[in-house]
Amino acid sequence: MKKIVLLAIVAMGMMTAQAQQAYRPTNLGSNWSIGLDGGVTTPMKNHAFFGDMRGAFGLHVQKQLSPVFALGFEANLGVNTSSWNEKTFDGALGNPITVLGRSTTAFDNMYMGAYASFNLFNLFGGYKCDGRFFDMELVGGAGWGHEFMNKMAFFPYSVNAQDQNYFMTKVGLNFNFNILKELTVSLKPSVAFNMTGTNYDWLDVAQTSAAYDKRRATFNCMVGVTYNFGPGFECVDTKNQGELDALNAKINALRGELDACLAATAANEARANALAAELAACKNRKPEVIKEVSNNLSSVRYVFYKIGSSKITADQQPNVEMVAAYLKNHKDAKVVIKGYASKDGNLELNQKLAAARAESVKNDLVKKYGIAESRINAEGEGIGEMFTEESWNRVSICTIED
């Protein structure tokens, strides 16, 4: 293990110094990876290191949370080799007893656990936007260990034995070769510790904690092939002056747009205030009133109307007929018709109503009595105040001009 740590320190010292890079994080569903592991495992103590080495394989699933930190889950199986389970205990008379554990399955041990990994190159050398062909990770984890030991043989007995479960911790290094963006091949040396020890209560042997005891540890060397489900981390170089200039230009453009919007808002507010003042002035303005002052009873006829109407009623028809008769008898005479309205309603409506009343008399003279339009001048005069009786001001005044 000391050699592995020393190798890590040397590799970190050989890293090329580079500028730190910033990156944008990704969502929870991205940057997952899955891989298969295969290699060898062997006890650290009380066994032949190479002689008792056996095959092992497993799989792992990992989520890369940042360029430095990742979380994952792994499961490994060791191929059945009974020599691992040879145990030596002191007998009742002080004589050593050798016990050999056997499994009837294809595997005699299993490990399942979670782990965290730290990319040392990204941690100390900065995140490299275009990636590295080689990097190194420090890995630590913990989980459940299991030994399949359903047969035990010791002189002169052979009995059934129970499988052993224990808590394990694991530490190691990953030497990663990033063949492609999606494909990584790794060399994974590690050491796993049985933190609980093994309990053989049926032999009257008490369970003791092994803790970080190399007698209860195994050395593992695996080769992993991992497929990475990108997209990786989007890189932002904080020292890229071109990018900073582009961002500053964009900020200035947005500020200009904001100033233009504020100016337009101020102009619109001023226009709204002006329109409000004009509206208030219109509301406060008194209606324009026209008063006829030159009535001559010998040359004037009146046509009165009902409120809100410009229709000539039957009782007013004789007045129109009198004007028509005069014009027929005097070929050079002309008539001026002025329409009026009372104060009922708003000014705009009364102006339209006054014009319609003058036009109704003209239409009657032309269509009913055959008077030429050139001899008739019809105009609306708005609200009138010729008479103190308000209803009389709903009138068309016909003035004869010789």
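What you see below is based on every heavy atom in this structure, not just the backbone, and it leaves out hydrogens, waters and symmetry mates. The structure presented is a predicted model; accordingly, all values stated were derived computationally and were not measured.
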Over all heavy atoms of both residues, which pair between [X] and [Y] is shortest? Give the atoms and the distance, please.
| X | Y | value |
| --- | --- | --- |
| Val139 | Ser117 | CG2-CB, 4.0 Å |
| Ala56 | Val79 | N-CG2, 4.5 Å |
| Phe175 | Pro189 | CE1-CG, 3.7 Å |
| Ala333 | Ile400 | CB-CG2, 4.4 Å |
| Asn228 | Ser33 | OD1-CB, 3.4 Å |
| Ala116 | Leu71 | CB-CD2, 3.8 Å |

Using a 3.5 Å distance criterion without hydrogens, assess whether the side chain of [X] forms a donor-acceptor pair with backbone atoms of [Y].
| X | Y | answer |
| --- | --- | --- |
| Asn220 | Val40 | no |
| Ser396 | Arg357 | yes |
| Lys63 | Leu28 | yes |
| Asn268 | Ala264 | yes |
| Arg301 | Thr399 | no |
| Asn319 | Val303 | no |
| Asn346 | Glu348 | yes |
| Asn377 | Ile337 | no |
| Thr169 | Ala142 | no |
| Asn122 | Tyr127 | no |

Is [X] atom [atom1] crowded by more than 12 heavy atoms from other residues, nucleotides or ligands, each under 6.0 Å away?
| X | atom1 | answer |
| --- | --- | --- |
| Asp332 | CG | no |
| Glu379 | CD | yes |
| Trp392 | CH2 | no |

Do [X] and [Y] make a side-chain contact, defined as non-hydrogen atoms from C-beta onward lying under 4.5 Å apart?
| X | Y | value |
| --- | --- | --- |
| Met110 | Trp144 | yes |
| Gln62 | Tyr115 | yes |
| Ile371 | Val335 | no |
| Ile312 | Gln317 | yes |
| Asp315 | Phe304 | no |
| Lys170 | Asn76 | yes |
| Met386 | Ile397 | yes |
| Leu262 | Leu258 | yes |

Nearest 0.5 Å please: distance from the [atom1] atom of [X] over to the [atom2] atom of [Y].
| X | Y | atom1 | atom2 | answer |
| --- | --- | --- | --- | --- |
| Met136 | Leu187 | CE | CG | 11.5 Å |
| Thr218 | Tyr111 | OG1 | OH | 10.0 Å |
| Ser299 | Tyr326 | OG | OH | 8.0 Å |
| Leu327 | Glu401 | CG | CD | 11.0 Å |
| Ile383 | Leu353 | CD1 | CG | 10.5 Å |
| Phe219 | Met53 | CZ | CE | 7.5 Å |

Determine, step by step, whether Lys368 and Glu321 satisfy the salt bridge (Lys or Arg N to Asp or Glu O under 4.0 Å) criterion, reporting the C-alpha distance in whole Å, the side-chain angles of both residues, the deciding distance to 0.1 Å, and the verdict.
CA-CA 9 Å; Lys368 190 171 183 178; Glu321 186 176 354; over 6 Å; no

Are Phe118 and Phe69 near enough that their ring centres are under 6.0 Å apart?
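Ring centroids of Phe118 and Phe69 are less than 6.0 Å from each other.
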
Is it true that Tyr227 and Phe229 have ring centroids separated by less than 6.0 Å?
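So the answer is yes for these two rings.
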
Does a donor on one side chain and an acceptor on the other come within less than 3.5 Å for [X] and [Y]?
| X | Y | value |
| --- | --- | --- |
| Asn176 | Glu137 | yes |
| Asn174 | Ser186 | no |
| Asp37 | His60 | yes |
| Asn119 | Gln64 | no |
| Ser30 | Asn27 | yes |
| Tyr305 | Gln316 | no |

Salt bridge (charged side-chain N to carboxylate O under 4.0 Å, His left out) pairs, two or more places apart, involving residues 386-395:
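Of all non-adjacent pairs touching residues 386-395, those that pass salt bridge (charged side-chain N to carboxylate O under 4.0 Å, His left out) are Asp344-Arg394.
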
Checking side chain to side chain contact (heavy atoms under 4.5 Å, CB included) for the pair Ile179/Phe133: CA distance, chi angles, key distance, verdict?
CA-CA 7 Å; Ile179 308 301; Phe133 175 74; 4.1 Å; yes

One pair to check against side chain to side chain contact (heavy atoms under 4.5 Å, CB included): Phe57 and Leu36. What are the steps and the verdict?
CA-CA 8 Å; Phe57 63 92; Leu36 297 176; over 6 Å; no

Derivation of the side chain to side chain contact (heavy atoms under 4.5 Å, CB included) call for Lys362 and Glu373:
CA-CA 8 Å; Lys362 177 182 177 180; Glu373 288 190 32; 4.0 Å; yes

How are the rings of Phe193 and Tyr212 set relative to one another: parallel (under 30°), tilted (30 to 60°) or perpendicular (over 60°)?
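Ring orientation of Phe193 relative to Tyr212: perpendicular.
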
Audit row: Ile34, Thr226, side chain to side chain contact (heavy atoms under 4.5 Å, CB included) steps and yes/no
CA-CA 6 Å; Ile34 186 169; Thr226 303; over 6 Å; no

